[in-house]
Amino acid sequence: MGLLPRTGSHFGSRTSLAWRNLVHRRWRTVAALAGVGFTILLLFMQIGFYDACVVSATRVHEMLEFDAVVVSTHYVFLLQPGSFPDGRLALARSAPGVASAEPLLVGRAPWRNAATGNFYDVLAIGVAPDHDLFRDPSRNGALERLSSPLHAVVDRAGKPILGPLEVGTRSELRDQRLEVVADFEHGTGFVANGTVLVNPATFRRVFPEAAGRTAHLGLISYHHGSDPERTLAEIARRLPEDVVALSRAQLERRDRRFYLSDRPLGLIFTSGVAMALGVGALVLFQILASDISHHLGEFATLKAIGYRTTALRLQVLEQGALFGLLGFVPAALLAALLYALTSRVAGLPLAMSPGRLLLVLGLTLAMCGASALLAIRRLERADPAELFP
Amino acid sequence: MRPASTESGESLAVRARGVTHTYGEAADDGPVLRDIDLDLEPGEIVILTGPSGSGKTTLLTLIGALRRLQQGELAVLGHALAGLDDERLVAVRRRIGFIFQSHNLFASLTARQNVRLGAELHRELLPDADRLASETLAAVGLGDKLDSKPGELSGGQRQRVAVARALVASPRLVLADEPTAALDRDSGRLVVDLLQRLGREHGTTTLLVTHDHRILDVADRIVSMVDGRIASDVRVAESVRICEFLARTELFRGQTPGALAEIAEQMQRLELAAGETVFEQGDAGDRFYLVRSGAVEVLTRHDGRQDGGEKVLARLGEGDVFGETALLTREPRNATVRVVEPCELLALGQEDFRTALDRSKTLGEELRDILSLRS
């Protein structure tokens, strides 16, 4: 007995009992594969959502150019940042190694769908027109258009519910009339339905509570060649206790932690993965155990004629792995399709990646292995001595 | 592991001495096997019979290394089974062909693939596994069903596939439980012919439990078990020959084959050298004799001579009998019998001889008639 399906003639090779048993009862196998495949699809979706959660948490950060940030000690996450006097940024600017420290205003505000008139929340960012906000320098030119308080730069990757976002579209951010004068494409993730950039004055009209010389984030860029750790320490040393300086990595970690731990999203998806694995293992166990019970006499005969129990155990493991592999392929294809669909409809950063394929394959094989190991115990019931009644 | 051998050094397929087995739950009822002694020679076909519960299945599973030996000595194909670990028991089982009542074929495999499973255990057979499987199936009359799955075969055909699976690796020992029960006469004959051929060509020993009278003729021996003991162990060909000798004598002519077989079974084998005396004139009569081979002379002392001079009354050879007169008349031997050529005698004790007589009035009457004619 071998591990893989053999050709019909199989000269010199061993018969793959696992494969033959699988293809013999086709409809039963198809039903079983549907169960296993659905479990694997659930794994893909749960892990996909979890990863999307991780990516979304820092999706906005990715498009911004900074090495460190100054935030209020009340900072929770991007949309609940707390505020601080923007004079703190002058202190940061004085630290050796710091090239710039620019204030940024962020908040959630309703954007009117120009086609339907309905309002949907977007991430509003107040940014000075001369601030090189974007990591991608080619995008920064568009910010000059924000010199007018009636202008807005939008992310085309916003969700479809926001309506038309083309340049020239006239809409409203809360009650501020705006015209889209430039756009870019990035994506907002879980944070909001889209991103709208306006100048600070416009932002303060939309968010009266942000009036005065306040900032929500201070984006700090270092001089080329400066020591990041030492520079961050120097900034921190100059700042009073109402603000903190965080490296880019520290900020991203905090925002991820907010979504995955402080909010139950991480727990939901992690427990979803665990439940999918549990249900899948149970389904597969039932299939394998019933298959062993169905062939108990045959297995006992193989034991009698000299097959080692280990060889029969391997056969069950092989059958489990085959179920997993055969269920994996359609599940991966379907998951890729659902990712694309979900990404388009919900604007979530969901995409199939080699790493995720390997992760789910690994989990699938582990699940199949666990099921097979549980089912294998039934082989002990195959007693060759009972064959002579 | 040490090889089992007869006293002459010839290897035995199976050698059992004092084998006793008790099932845990049946401990109160005593052992299911009691002190079994059994030798199976290479190439022999031995039929094991006995009523249900007589222990034949347990004996089969012990010889097949499917159960652990509890008491006694058991050597199979040269390997003493006592104390063998699982790995070595598996190694022994690989050299045995098992035929079960239930065919237990994998429904997902073709006939050839099912049979291949028996060959694939042996690395050296792997390259030829397909050919061997096809040939073995052809030998059991399924050459045209190689690629049929069990679901497409009749019960008899499935059983023959199972037989082919057991025989594909030309095992040294075949253990079979009712291998022909599900087969018609012709198919059953094919199977036993194959077992005989394996015995002839490969020295394969076959121990089979069967109640199929159609195949009794292939047995070299018939071992009968009752209550966990071997009640009889009959070498069929030899028994038939002895019965033929007995039936030819005036003493036993007209006896039923069953009665003759029973007498033959009770006879004890004696080997004597030339010059040895079987009994002397004047001795008490205690046995009846049949000359199996060699020759003896019947002598009597000359009346009135004091020098012990003897007169040869007769020379007896293969198939002749003597010694019955003293048993019937309860008088001393009326002649001396001496071996003139190395010979093999079969002796029936006085008790057994009288029992045989009492069993049939007809026999007793005939004997009296014979004696009256002699006198």
Side-chain angles (χ1 to χ4, degrees), chain A residues 1-3 5-29 32 290-316 318-319 322 379-389, chain B residues 52 56-62 64-68 86-87 89-110 112-114 116-123 126-131 133 147 149-151 162 165-166 168-169 171 175-178 209:
Chain A
M1 292 182 292
L3 289 172
R6 312 286 185 234
T7 57
S9 58
H10 44 245
F11 285 101
S13 61
R14 290 189 161 88
T15 305
S16 171
L17 205 47
W19 174 255
R20 300 286 173 194
N21 284 346
L22 217 64
V23 297
H24 177 63
R25 300 168 77 184
R26 284 193 185 85
W27 290 112
R28 185 178 167 281
T29 300
S290 109
D291 207 52
I292 292 172
S293 298
H294 188 73
H295 292 114
L296 219 50
E298 288 90 322
F299 282 124
T301 301
L302 291 184
K303 276 189 187 179
I305 67 176
Y307 280 91
R308 292 185 181 89
T309 308
T310 310
L312 303 184
R313 287 179 182 141
L314 282 175
Q315 191 276 327
V316 178
E318 178 185 340
Q319 195 159 340
L322 282 173
L379 274 178
E380 307 304 326
R381 296 184 194 169
D383 182 0
E386 299 297 323
L387 292 169
F388 287 123
Chain B
S52 176
K56 51 189 191 301
T57 299
T58 304
L59 183 58
L60 219 54
T61 56
L62 285 172
L66 300 173
R67 285 189 202 284
R68 288 199 170 276
D86 287 345
E87 190 70 12
L89 286 176
V90 167
V92 172
R93 292 210 295 266
R94 286 187 176 186
R95 300 174 65 197
I96 300 173
F98 290 94
I99 304 172
F100 305 104
Q101 276 190 47
S102 173
H103 51 76
N104 287 333
L105 302 175
F106 280 94
S108 58
L109 303 183
T110 63
R112 178 162 39 195
Q113 288 164 341
N114 267 295
R116 274 181 60 98
L117 290 177
E120 287 177 9
L121 278 165
H122 306 270
R123 192 181 296 273
L126 201 51
D128 297 321
D130 249 16
R131 181 181 58 76
D147 297 317
K149 289 190 173 174
R165 179 180 57 196
V168 66
L175 301 177
D177 186 13
E178 301 286 3
V209 171

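Throughout, protein chains are lettered first and strands after them, A, B, ... in sequence-line order, and every chain is numbered starting at 1. Computation of the quantities below employed the complete heavy-atom set of this structure, encompassing side-chain atoms and omitting hydrogens, waters and symmetry-equivalent molecules. It should be emphasised that the depicted structure is a prediction, and the values quoted were computed from it without experimental measurement.
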Using non-hydrogen atoms and a 4.5 Å limit, figure out which bit of [X] sits close to chain A: side chain, backbone, both or neither.
X	answer
B/A169	neither
B/L109	side chain
B/L62	neither
B/K56	neither
B/R95	neither

> CD1/B/I99 to CD1/A/I305 distance, rounded to the nearest 0.5 angstrom?
Replying inline: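 These two atoms lie 12.0 Å from each other.
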>> Only pairs of heavy atoms separated by less than 4.5 Å count here; which of B/R93, B/H103, B/R67, B/K149 has the most with chain A?
In response: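 The residue among B/R93, B/H103, B/R67, B/K149 with the greatest pair count is B/R93.
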> Who wins among B/L89, B/L60, B/L121 for the most heavy-atom pairs under 4.5 Å with chain A?
Replying inline: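 So the answer, after comparing B/L89, B/L60, B/L121, is B/L121.
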> Between A/R20 (side chain) and B/S108 (backbone), is there a donor-acceptor pair under 3.5 Å?
Replying inline: no
>> Test: salt bridge (charged side-chain N to carboxylate O under 4.0 Å, His left out). Region: residues 294-309 of chain A. Which pairs qualify, not counting sequence neighbours?
In response: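 Listed by first then second residue: A/R308-B/E87.
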>> Below 30° counts as parallel, above 60° as perpendicular, anything between as tilted: where do the rings of B/F106 and A/H295 land?
In response: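 Ring orientation, 0 to 90° scale: tilted.
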> Looking at A/A304 and B/F100, what are the two nearest heavy atoms and their distance?
Replying inline: CB-CZ, 3.7 Å
> Can you name the nearest heavy-atom pair linking B/L117 to A/Y307, along with the distance?
Replying inline: O-OH, 2.6 Å
> If you count heavy-atom pairs under 4.5 Å between each of A/T301, A/L22, A/L296 and chain B, which one has the most?
Replying inline: A/T301
